[in-house]
Amino acid sequence: MQSIQWLKRLKPLLLACKDKASIAKVHALMLLTGLSLHLSFNGRLIASYANIGDIVSARKVFDLLPHRGTDAWNAMIIAYSRNDFPVEAVYLYRQMILEGIRPDSSTFTVALKACTRLSDLKTGEEIWDRALDCGYEFDVFIMSSVLNLYAKCGKMDEAIELFDMMPRRDLVCWTTMISGLARSGQPIEAVDMYRRMQKEGMEGDGVAVLGLIQACATLGDSKLGPSVHGYLIRRSLSMDVFVQTGLVDMYAKNGQLELAHRVFKKMPYKSVASWGALISGSAQNGFAGNALEFLVEMQSCGYRPDLVSLLSALLACSQVGFLKLGKSLHGYTLRRFDIDQVLGTAAIDMYSKCGALSWARTLFDKIDSKDSISWNAMISSYGIHGHGKEALSLFLKMTKTNLKPDHATFASLLSAFSHSGLVQEGQYWFNLMVSEYNIPPAEKHYACMVDLLARAGRVEEAHKLIDSMNTEPGLTVWVALLAGCCKNGNLVIGEIAAKKVLELNPDDLGIYALVSNYYAKVRKWDKVAGVRKIMKKTGMKKVPGYSVVDVKGKLHAFLMEDKRHNQYEDIMQLLDKLDHEMRAIGYVPKTEFVLHDLEEEVKEKMLSNHSERLAIAFGLLNTAPGTRLLITKNLRMCGDCHEATKFITKIVNREIVVRDVKRFHHFKNGICSCSDYW
DNA sequence: CCCGTTGCGG
């Protein structure tokens with residue numbers, strides 16, 4: 001009886017222990033009074049050590065116990081599970097079974113959680129079978145763990161089936177289903193699940209609504225998100241760091257960066273993940289500058305950037321061609337984290353997109369444990385630089401390793417062929433992908449092939465390939481076909497492609513620009529007007545085009561008609577001078593690339609005001625003669641600017657490298673490395 | 001009686 005009273009008195013004491021010394025003091029007291037023999041008390045001691053992350057001491061207590069009951073085993077399994085040792089947790093569960101200790105509901109729950117962490121469906125099902133044998137058929141704790149196991153292992157259908165069979169469901173089970181659906185790419189079903197829960201008389205808490213928030217983040221619905229946010233406020237649900245970070249992530253993913261920032265600024269306590277959500281959201285929506293500023297701000301606020309934030313920052317560098325910063329970030333990240341494929345792959349991508357293809361290759365050769373993603377990144381790198389042959393030889397090298405080329409590898413390879421106009425190779429490997437590698441061609445593979453054929457002038461063949469598809473051809477293949485028709489002009493097929501593209505209601509202004517260009521090319525002015533009418537409707541993604549030029553390791557960004565720039569006058573003067581010289585050697589402005597109804601002369605003026613031209617002129621003005629220029633554009637390079645740049649390299653005798661959203665263009669002596677396959 | 005289950009950024 002006395003020991004129970006001791007237990008009651010020492011329990012809060014033990015829970016309040018924040019360091020090893022104070023736990024050890026209580027431990028010593030227990031040994032002195034003989035309390036250590038009390039089973040449940042030992043469980044608490046193990047838990048206390050586990051709480052402060054001292055797994056070694058926890059295990060020492062466990063090992064020294066003369067009698068180990070279910071509670072002690074549970075405490076040790078929980079200790080492993082909580083401290084990120086799922087393998088050990090599962091191992092201990094197995095040992096417990098072998099030693100004939102009877103597991104209880106808690107044991108199964110925690111062991112299942114550990115399996116979920118490991119994505120080990122097989123062991124999980126085995127544990128669940130035993131739980132059923134032990135009579136825990138209707139235990140909601142075990143059931144929610146099983147639902148979560150299925151959800152995390154990508155078996156959402158099984159989870160739904162199981163969920164529907166349950167006689168009683170608590171809020172945690174509903175929440176598991178809602179966030180499981182949201183994260184497995186079924187956001188609409190997640191929202192439906194929430195509504196179904198409400199209909200059955202259950203109201204969600206903050207955690208459940210967070211599932212809804214995640215659904216909105218993947219749904220990309222700019223109206224549903226704020227309405228869920230409003231619902232959260234109306235019901236005055238707890239807004240902890242998790243929920244608030246979820247909101248930041250949701251707004252950021254939907255491109256509503258101002259709203260994301262507003263929620264973020266109001267957060268009383270921020271976590272590293274909150275910063276990460278903001279940084280990655282900015283980087284992924286093309287706001288590279290903001291992403292990098294947030295990284296700096298994060299550090300000055302005393303937060304240490306973790307791998308996720310750093311990877312997002314690397315992505316931002318590769319978007320704007322910020323080689324200098326990208327390189328130092330890569331170095332910094334390497335020093336802090338183990339070299340792994342994720343970082344390696346991100347860095348390969350960054351180096352190659354910043355124009356340092358050979359550095360990318362050096363890094364690639366240095367990575368010890370390359371996975372197929374590393375190979376794919378390197379193959380794509382050759383592709384965007386227009387080195388189709390090198391991409392192929394690297395691919396062949398990969399087939400000699402024990403890694404199998406997958407659908408993504410072939411997507412990289414085929415796109416490399418299309419950037420280099422290697423039609424025969426493309427057809428050969430496309431066929432082999434299906435017949436030898438048993439990879440069913442997906443939309444992206446067809447898009448590459450259509451692109452390859454159509455741009456090479458084989459528009460009919462491209463159209464036939466689309467007809468042969470087993471699945472409904474989507475937007476990307478029709479856009480590829482139309483782009484080919486735009487280049488080579490094919491009235492019948494171009495008409496079909498343009499119609500299909502419009503039917504699919506793209507939300508990207510760039511695609512409408514392509515349709516408009518096509519109609520302009522075949523002189524169907526009424527259709528051009530029709531497309532422009534659609535473009536004027538709001539609700540479409542308006543990505544402002546900008547170009548960035550690297551001058552002595554410093555970046556300078558230009559928008560179209562950037563008159564605020566302090567060298568604007570000089571830039572315009574230089575462009576004027578170049579314009580005259582260009583015309584003298586055969587340049588004719590391609591005014592069809594201007595999408596407004598204006599006088600020809602005004603259109604020509606607009607062309608020479610494009611951001612890429614301003615960036616080139618600024619670069620020419622501020623670097624020594626002969627210096628290679630590197631320009632990065634966030635959209636496709638304008639066709640007229642592409643033509644003009646060829647002439648400029650001839651006149652100024654410089655190498656100009658432009659990386660647009662699709663690929664690299666190395667301009668030299670009046671020709672471009674893309675052979676006009678842009 | 002308690003424990004254990006669901007939730008953030010790549």
Side-chain angles (χ1 to χ4, degrees), chain A residues 4 7-8 11 15 40-41 43-44 46-47 70-75 77-79 81-82 89 103-114 116 131 136 139-149 151-152 159 169-183 204-215 217 237-253 260 263-264 267 269-284 291 294 298 303 305-315 333 337 340 342-343 345-346 373:
Chain A
I4 299 286
L7 180 67
K8 275 186 186 160
K11 181 187 157 187
L15 283 175
S40 77
F41 203 82
R44 281 199 198 290
I46 293 170
T70 302
D71 274 4
W73 283 88
N74 282 354
I77 296 173
I78 294 167
S81 181
R82 283 237 180 116
D104 64 5
S105 159
S106 177
T107 319
F108 292 123
T109 306
V110 180
L112 280 165
K113 191 190 169 106
T116 308
Y136 289 111
D139 187 302
V140 279
F141 280 83
I142 293 175
M143 278 315 291
S144 49
S145 302
V146 173
L147 291 176
N148 195 35
L149 173 76
K152 291 269 162 69
R169 311 174 183 105
D170 70 346
L171 184 56
V172 176
C173 290
W174 283 103
T175 306
T176 307
M177 293 305 289
I178 293 163
S179 56
L181 285 165
R183 270 184 320 208
D205 61 355
V207 186
V209 180
L210 184 55
L212 262 186
I213 293 170
Q214 287 174 304
L237 292 173
S238 72
M239 292 262 258
D240 60 8
V241 215
F242 284 72
V243 176
Q244 286 170 319
T245 303
L247 284 170
V248 172
D249 177 52
M250 176 192 78
Y251 283 129
K253 277 216 178 87
V263 175
F264 180 82
M267 287 175 73
Y269 169 78
K270 298 172 181 73
S271 69
V272 175
S274 323
W275 287 96
L278 200 60
I279 295 170
S280 77
S282 306
Q284 275 172 358
F294 286 138
M298 172 184 188
Y303 293 86
D306 63 349
L307 192 58
V308 176
S309 313
L310 289 165
L311 286 175
S312 302
L314 269 183
L315 177 71
T333 315
F337 301 94
D340 73 337
V342 183
L343 171 61
T345 308
I373 303 172

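Residue numbers begin at 1 in each chain, while the letters A, B, ... track the order of the sequences.
Taking the centre and axis of the six-membered ring of Y303(A), the NZ or CZ atom of K270(A) falls outside the cone set by 45° and 6.0 Å.
For the pair L237(A) CG and dT6(B) C1', the computed distance is 15 Å after rounding to whole Å. Between D71(A) atom CG and dC2(B) atom C1' the separation is 9 Å, expressed in whole Å. Atoms CG (L181(A)) and P (dG7(B)) sit 13 Å apart, rounded to a whole Å. When the C1' atom of dG9(B) is taken as reference, atom OH of Y269(A) falls 14 Å away, rounded to whole Å. A straight line from CD1 of I78(A) to C1' of dT5(B) spans 11 Å, rounded to a whole angstrom. When the P atom of dC8(B) is taken as reference, atom CD1 of I213(A) falls 11 Å away, rounded to whole Å. Between D249(A) atom CG and dC8(B) atom P the separation is 9 Å, expressed in whole Å.
Ranking dG10(B), dC3(B), dC8(B) by closeness to the Q214(A) side chain, first place goes to dC8(B). Ranking dG10(B), dT6(B), dC8(B) by closeness to the V172(A) side chain, first place goes to dT6(B). Set against dC8(B), dT6(B), dG10(B), the side chain of F242(A) has dC8(B) as its closest nucleotide. Considering only side-chain atoms of T109(A), the nucleotide from dC8(B), dT5(B), dG10(B) that sits closest is dT5(B). Between dG7(B), dT6(B), dC8(B), one nucleotide has an atom nearer to the side chain of V243(A) than all others, and that is dG7(B). Taking only side-chain atoms of K253(A), from C-beta outward, the nucleotide of dC3(B), dT6(B), dG9(B) with the closest atom is dG9(B). Listed candidates were dT6(B), dG7(B), dG9(B). Nearest to the side chain of D306(A) is dG9(B). Nearest to the side-chain atoms of K113(A) among the listed nucleotides dG9(B), dT5(B), dG7(B) stands dT5(B). Comparing dT5(B), dG7(B), dG9(B) by their nearest atom to the side chain of D170(A) picks out dT5(B).
At a threshold of 4.0 angstrom between heavy atoms, the contacts of L315(A) with the nucleic acid are absent. Here Q244(A) lies out of heavy-atom contact (under 4.0 Å) with every strand. Using a 4.0 Å heavy-atom distance criterion, S309(A) is classed as a base contact. Contact annotation for D240(A): base contact, defined as any heavy-atom pair under 4.0 Å involving a base atom. Here R169(A) lies out of heavy-atom contact (under 4.0 Å) with every strand. Heavy atoms of V272(A) sit under 4.0 angstrom from at least one base atom. Among the protein residues, A273(A) comes within range of the nucleic acid bases, having at least one heavy atom under 4.0 Å from a base atom.
In this structure V172(A) satisfies the side-chain contact (heavy atoms from CB on, under 4.5 Å) test together with S144(A), D170(A), T176(A), sequence neighbours excluded. Listed by chain and number, the residues in a side chain to side chain donor-acceptor pair (under 3.5 Å) with T107(A) are N74(A), D104(A) (sequence neighbours excluded). Residues that satisfy the salt bridge (charged side-chain N to carboxylate O under 4.0 Å, His left out) test with R183(A), not counting sequence neighbours, are absent from this structure.
Between K152(A) and dT5(B) there is no side-chain polar atom (N or O) within less than 4.0 angstrom of OP1 or OP2. Side-chain N/O atoms of R183(A) include one lying less than 4.0 angstrom from OP1 or OP2 on dG7(B).
Note: F141(A) CZ to C173(A) SG = 9.5 Å, rounded to the nearest 0.5 Å.
Near DNA chain B, meaning a heavy atom under 4.0 Å away, the residues from residues 140-149 of chain A are V140(A), F141(A), S144(A), S145(A), N148(A).
Residues S309(A) and D306(A) have side chains that bring a donor and an acceptor to within less than 3.5 angstrom of each other.
Applying the side-chain hydrogen bond (donor to acceptor under 3.5 Å, both in side chains) definition to pairs two or more places apart or across chains, those involving residues 242-252 of chain A are H229(A)-Y251(A), T245(A)-S274(A), D249(A)-K253(A).
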Donor-acceptor pairs under 3.5 Å, side chain of residues 275-282 of chain A to any protein atom, not counting sequence neighbours: which ones?
| from | atom 1 | to | atom 2 | distance (Å) |
| --- | --- | --- | --- | --- |
| S280(A) | OG | G276(A) | O | 3.2 |
| S282(A) | OG | L278(A) | O | 2.7 |

